[in-house]
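Please read the structure below before turning to the comments.
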Amino acid sequence: MKVRGGVLLAVVMILAGCTEFDYASDRALRQADTDVVAGDVHVVERGETLYQIAWQYGLDFRDVARWNDLRSADLIFAGQELVLRGPADTGSGQTPSSAQSSGLSGPIAWQWPVEGEIVGAYDANAIGKRGIRIGAEPGSVVAAAGGGDVVYSGSGLRGYGNLVIIKHNDQFLTAYGYNSELLVGEGERVEGGDAIARVATDGERAGHLHFEIRQQGDPVNPASYLP
């Protein structure tokens, strides 16, 4: 049912022939993406969250909080300018930020978010999103890959469609993109296996779930964590 081993994963990569999210509608967005440089800022728009903004730029939310002296990840407002880089001598992700912890702790009992095979493999050198694409029955339930807090649920992050982001602890977040329907809201606590969304039912993404795991803001290969 699932791709489990290096050999099978390599075969899938060859069959895919490109990065795991090579949809025509995403190509322009990927080409427009640029790396954040020192001194860059992000002006907060209405409805945005710190987790969403950090995810967009490939940063650790704790770093963004520390660089902007935020005592809570929830204390941002529309029109606020957030610095996206710390001083030259500031490390990334190695020291606690002032953002409050949710209290999540303990090991994560990882599980597959949908029943299906990897149809788009992880590519560490991909431009833009780096995760896997899992084939599944259109409209089927997407489950939380582990317990945690829903820190984003919406469609405001370009190139992800209807997206859910779950914070599992102070190191790991997961994202579930291109959904047809979102079943959870921001601030909800979920357990591994809880229904959080439904797989896309139409368009070029029908039957596909985009899934990412990030550790301290950096994308990692989900296949290395899923059982």
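For this chain, numbers begin at 1 and follow the sequence in order. All values derive from a computational prediction rather than experimental measurement.
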Y57 and H42 aromatic ring geometry - parallel, tilted or perpendicular at 30°/60° bounds:
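Answer is perpendicular, since the angle exceeds 60°.
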Using side-chain heavy atoms (C-beta onward) and a distance below 4.5 Å, is [X] in contact with [Y]?
{"X": "P113", "Y": "L209", "result": "yes"}
{"X": "L50", "Y": "V64", "result": "yes"}
{"X": "S224", "Y": "Y122", "result": "no"}

Look at the side chain of [X] and the backbone N and O of [Y], then say whether any donor-acceptor pair between them is shorter than 3.5 Å.
{"X": "W112", "Y": "P227", "answer": "yes"}
{"X": "S153", "Y": "V184", "answer": "yes"}
{"X": "Y176", "Y": "I196", "answer": "no"}
{"X": "N68", "Y": "V83", "answer": "yes"}

Restricting to non-hydrogen atoms, name the atom on [X] and the atom on [Y] that form the minimum distance, rounded to 0.1 Å.
{"X": "A54", "Y": "D60", "value": "CB-C, 4.2 Å"}
{"X": "S180", "Y": "V199", "value": "OG-O, 3.0 Å"}
{"X": "A206", "Y": "T201", "value": "CB-C, 3.7 Å"}
{"X": "S155", "Y": "N162", "value": "CB-OD1, 3.5 Å"}
{"X": "L183", "Y": "A195", "value": "CD1-CB, 4.0 Å"}
{"X": "V114", "Y": "V141", "value": "CG1-O, 3.6 Å"}

Salt bridge (charged side-chain N to carboxylate O under 4.0 Å, His left out) pairs touching residues 217-227, sequence neighbours excluded, are none
Salt bridge or not for D69 and R66, using N-O below 4.0 Å?
no
Using a strict 4.0 Å threshold on nitrogen-to-oxygen distance, state whether R214 and E212 make a salt bridge.
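Salt bridge between R214 and E212, a charged N being under 4.0 Å from a carboxylate O: yes.
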If I take atom [atom1] from residue [X] and atom [atom2] from residue [Y], how far apart are they, to the nearest 0.5 angstrom?
{"X": "H168", "Y": "L173", "atom1": "NE2", "atom2": "CG", "value": "7.0 Å"}
{"X": "R205", "Y": "R133", "atom1": "CZ", "atom2": "CZ", "value": "10.0 Å"}
{"X": "T174", "Y": "Y225", "atom1": "OG1", "atom2": "OH", "value": "12.5 Å"}
{"X": "Q111", "Y": "E191", "atom1": "CD", "atom2": "CD", "value": "10.5 Å"}
{"X": "Q215", "Y": "N169", "atom1": "CD", "atom2": "CG", "value": "9.0 Å"}
{"X": "I76", "Y": "E48", "atom1": "CD1", "atom2": "CD", "value": "7.0 Å"}

Among W67, Y51, W55, which residue satisfies the ring pair (Phe, Tyr, Trp, His ring centres under 6.0 Å) criterion with F61?
Y51
Using the ring-ring contact (aromatic ring centres under 6.0 Å, His included) criterion, which residues pair with Y152? Sequence neighbours excluded.
none
Take F172 and W110 through the ring-ring contact (aromatic ring centres under 6.0 Å, His included) test and state the conclusion after the steps.
CA-CA 11 Å; F172 287 97; W110 295 107; 5.7 Å; yes
Is there a side-chain contact (heavy atoms from CB on, under 4.5 Å) between I132 and N221 once you walk through the steps?
CA-CA 8 Å; I132 59 175; N221 188 351; 4.3 Å; yes
Does L59 form a side-chain contact (heavy atoms from CB on, under 4.5 Å) with L84? I'd like the steps, not just the answer.
CA-CA 8 Å; L59 300 172; L84 301 178; 4.1 Å; yes
Using the salt bridge (charged side-chain N to carboxylate O under 4.0 Å, His left out) rule, take K167 and D170 through it: C-alpha gap first, then chi angles, then the decisive distance, then the call.
CA-CA 8 Å; K167 177 185 177 185; D170 283 340; 3.5 Å; yes
Kindly indicate, with the supporting measurements, whether the criterion ring-ring contact (aromatic ring centres under 6.0 Å, His included) is fulfilled by H210 and Y160.
CA-CA 8 Å; H210 176 78; Y160 280 91; 5.7 Å; yes
Go through the steps to decide whether N179 and V142 satisfy the test side-chain contact (heavy atoms from CB on, under 4.5 Å), and finish with yes or no.
CA-CA 8 Å; N179 301 289; V142 177; 3.6 Å; yes
Under 3.5 Å, is there a donor-acceptor pair linking the side chains of Q216 and Q171?
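No, no side-chain donor-acceptor contact under 3.5 Å.
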Run the side-chain contact (heavy atoms from CB on, under 4.5 Å) check on F77 and V44 step by step: do they pass?
CA-CA 7 Å; F77 53 87; V44 179; over 6 Å; no
Those residues at least two apart in sequence (or on a different chain) that pass salt bridge (charged side-chain N to carboxylate O under 4.0 Å, His left out) with E181 are R198
